[in-house]
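Remarks on the structure that follows.
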Amino acid sequence: MSGPNTDYDPVEVTPLQADEVAAAREAGIAAVLAARDLDELKQVRLEHAGDRSALALANREIGALPPQARKEAGQRIGQARGALAQALAERQAVLEVEHEERMLVEETVDVTLPTDRVPVGARHPITTGSELIADIFVAMGWEVAEGPVIEAEWLNFDALNLGPDHPARTMQDTFWTDPQDQGIVLRTHTSPVQARTMLTRTPPIYVVCPGRVFRTDEYDATHSPVFHQVEGLAIDEGISMAHLKGTLDHFATAMFGEGITTRFRPSYFPFTEPSAEVDLVCFVCRGSGLAVDGGQPCRTCRGEGWIEWGGCGVVNPRVLQACGVDSERYSGFAFGMGIDRTLMFRHGIEDLRALFEGDVRFTTAFGSDIS
Ligand code: DAH
């Protein structure tokens with residue numbers, strides 16, 4: 001007996017038909033196998049198994065089928081999707097292994113290859129030279145003292161017996177900070193550290209003070225508006241010029257070697273009385289004034305046999321008094337040398353500017369070795 005067919009609606013949506021599903025499945029699997037790397041596989045996954053893929057669309061249509069047709073269509077589509085998912089997973093595993101192996105090969109580092117790394121620099125000879133000088137004095141029981149480079153006029157000049165009208169003020173061409181009447185200068189020498197030390201400590205005092213100083217000098221092979229000095233100050237009972245001479249001879253020998261001593265020439269500094277210029281036995285000709293190869297005058301000392309090194313003297317009692325030291329009980333000596341000049345002699349540097357231009361080839365030539 002036949003009647004109306006209420007079980008089966010022959011109108012099936014196209015993507016749900018068996019051959020359509022089979023075609024989508026085959027196309028998907030073929031694409032999976034053709035994927036050459038993980039990126040391509042990702043595209044394949046989107047296209048053939050993603051939300052908008054033919055199989056996903058078909059899957060969504062199942063609900064619209066009459067109940068009797070759902071099971072068959074559901075199985076067909078489910079199998080197709082399962083087969084595709086499995087193909088994707090297998091290909092994924094294969095491609096991951098391949099990727100891993102390729103990375104190991106491509107990212108291999110040959111540690112034996114020469115490097116093009118930037119060479120390491122070296123500490124600057126002024127730094128290492130200042131430390132060497134400090135070490136020579138620390139070994140004698142002295143201390144290292146420091147002061148600011150922007151200094152009070154009073155400490156840079158007045159406390160050192162260089163009153164406002166003292167003609168020697170003009171010996172040092174000074175950088176004043178604006179406005180000039182506020183009395184702040186870039187220190188013209190390291191001598192204000194003497195005053196600072198006496199004002200803050202009680203004798204006995206034995207300090208050495210390396211540091212940067214400033215003068216309105218030209219910038220050329222022998223001058224620079226910024227340079228370096230080392231100051232020494234000893235205050236104790238019974239200190240005399242003899243202690244000064246012995247100390248500077250030791251300093252010279254420690255810096256330049258055995259047999260290099262000093263001589264004093266009378267001079268004038270407002271902060272010392274008596275005062276002297278210190279000369280060093282020329283360490284190239286060792287005082288002979290003659291070049292090593294005979295007859296010609298020595299180039300380093302220009303035939304003098306001596307090299308000017310710095311200034312020194314017995315501390316003027318007026319300076320002791322200005323800085324609160326009992327000048328009846330204590331006396332002292334002081335000296336000041338140019339560090340840059342000292343290093344130029346010591347290392348045969350012909351142009352002062354080499355010390356300031358920051359060429360790393362220059363500093364590395366010294367390495368970090370200072371001896
Ligand atoms: N301050 C002096 C200058 O820069 C150098 C100097 C000379 C320092 C004699 C001293 C000294 O301590 O006693 O020219």
Side-chain angles (χ1 to χ4, degrees), residues 130 133-134 137 142 144-147 149 151-163 166-175 185-199 205-217 222-236 239-249 251-252 262-280 307-320 322-323 325 327 330-342 352:
S130 303
I133 294 171
F137 283 90
W142 291 44
V144 177
E146 283 181 338
V149 292
E151 187 55 286
E153 173 187 4
W154 189 84
L155 289 162
N156 193 81
F157 292 122
D158 304 57
L160 300 169
N161 196 31
L162 274 153
H166 199 294
R169 271 209 189 201
T170 54
M171 278 161 60
Q172 300 183 352
D173 298 318
T174 310
F175 282 113
V185 299
L186 297 190
R187 69 179 180 194
T188 55
H189 49 180
T190 40
S191 302
V193 187
Q194 285 189 28
R196 286 181 169 273
T197 309
M198 286 187 270
L199 285 164
I205 292 171
Y206 291 87
V207 290
V208 67
C209 332
R212 212 166 349 140
V213 300
F214 306 82
R215 289 188 201 172
T216 58
D217 282 341
T222 51
H223 298 89
S224 163
V226 184
F227 56 104
H228 300 80
Q229 286 189 337
V230 57
E231 192 80 16
L233 174 72
I235 308 280
D236 209 336
I239 291 284
S240 74
M241 197 92 172
H243 297 114
L244 171 61
K245 181 72 167 65
T247 305
L248 291 181
D249 278 349
F251 180 21
T262 63
R263 76 171 179 192
F264 286 2
R265 280 178 294 115
S267 185
Y268 172 76
F269 298 102
F271 26 92
T272 41
E273 182 56 42
S275 303
E277 302 274 348
V278 195
D279 294 342
L280 197 63
I307 294 170
E308 284 181 26
W309 198 23
C312 66
V314 171
V315 180
N316 192 321
R318 290 174 62 105
V319 174
L320 296 179
C323 298
V325 172
S327 60
Y330 294 106
S331 57
F333 68 74
F335 58 85
M337 317 298 172
I339 294 182
D340 321 83
R341 235 174 105 69
T342 305
L352 174 69

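Residue numbers run from 1 in the order of the sequence given. As the structure lists them, so they are numbered: ligands from 1, and atoms in each ligand from 1. When reading the values below, keep in mind they use all heavy atoms of this one structure, side chains included, and skip hydrogens, waters and symmetry mates.
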One residue to check: Met337. Relative to ligand 1, which of side chain, backbone, both or neither has a non-hydrogen atom less than 4.0 Å away? neither
With heavy atoms under 4.0 Å as the rule, classify the contact between Phe271 and ligand 1 as side chain, backbone, both or neither. side chain
Based purely on interatomic distance, does Thr188 place a nitrogen or oxygen under 3.5 Å from a nitrogen or oxygen of ligand 1? no
Ala334, any N or O under 3.5 Å of ligand 1 N or O: yes
Spacing of [X] atom [atom1] and [Y] atom [atom2] [to the nearest 0.5 Å]:
X      : Y      : atom1 : atom2 : result
Phe175 : Thr188 : CZ    : OG1   : 11.0 Å
Met337 : Thr190 : CE    : OG1   : 10.0 Å
Ile133 : Cys209 : CD1   : SG    : 12.0 Å

Just by distance, do the side chain of Asn161 and the backbone of Pro270 share a donor-acceptor pair under 3.5 Å? yes
for atom 12 (O) of ligand 1, nearest protein heavy atom and its distance come out as Glu231 OE2, 2.6 Å
Atoms of ligand 1 less than 4.0 Å from [X] heavy atoms?
X      : answer
Gln229 : 3 (C), 4 (O)
Arg215 : 3 (C), 4 (O), 14 (O)
Phe269 : 7 (C), 9 (C)
Gln194 : 12 (O)
Gly313 : 13 (O)
Ser191 : 1 (N), 8 (C)

Considering only NZ, NE, NH1 and NH2 on the basic side and carboxylate oxygens on the acidic side, decide whether Glu273 and Arg318 come within less than 4.0 Å. no
Would Phe264 and Phe333 count as a ring pair (Phe, Tyr, Trp, His ring centres under 6.0 Å) here? Give the steps. CA-CA 14 Å; Phe264 286 2; Phe333 68 74; 9.7 Å; no
For Arg263, does the CZ atom sit with more than 12 other heavy atoms under 6.0 Å from it, leaving out its own atoms? yes
Does the plane of the ring in Phe271 sit parallel, tilted or perpendicular to the ring in His189? Use 30° and 60° as the thresholds. perpendicular
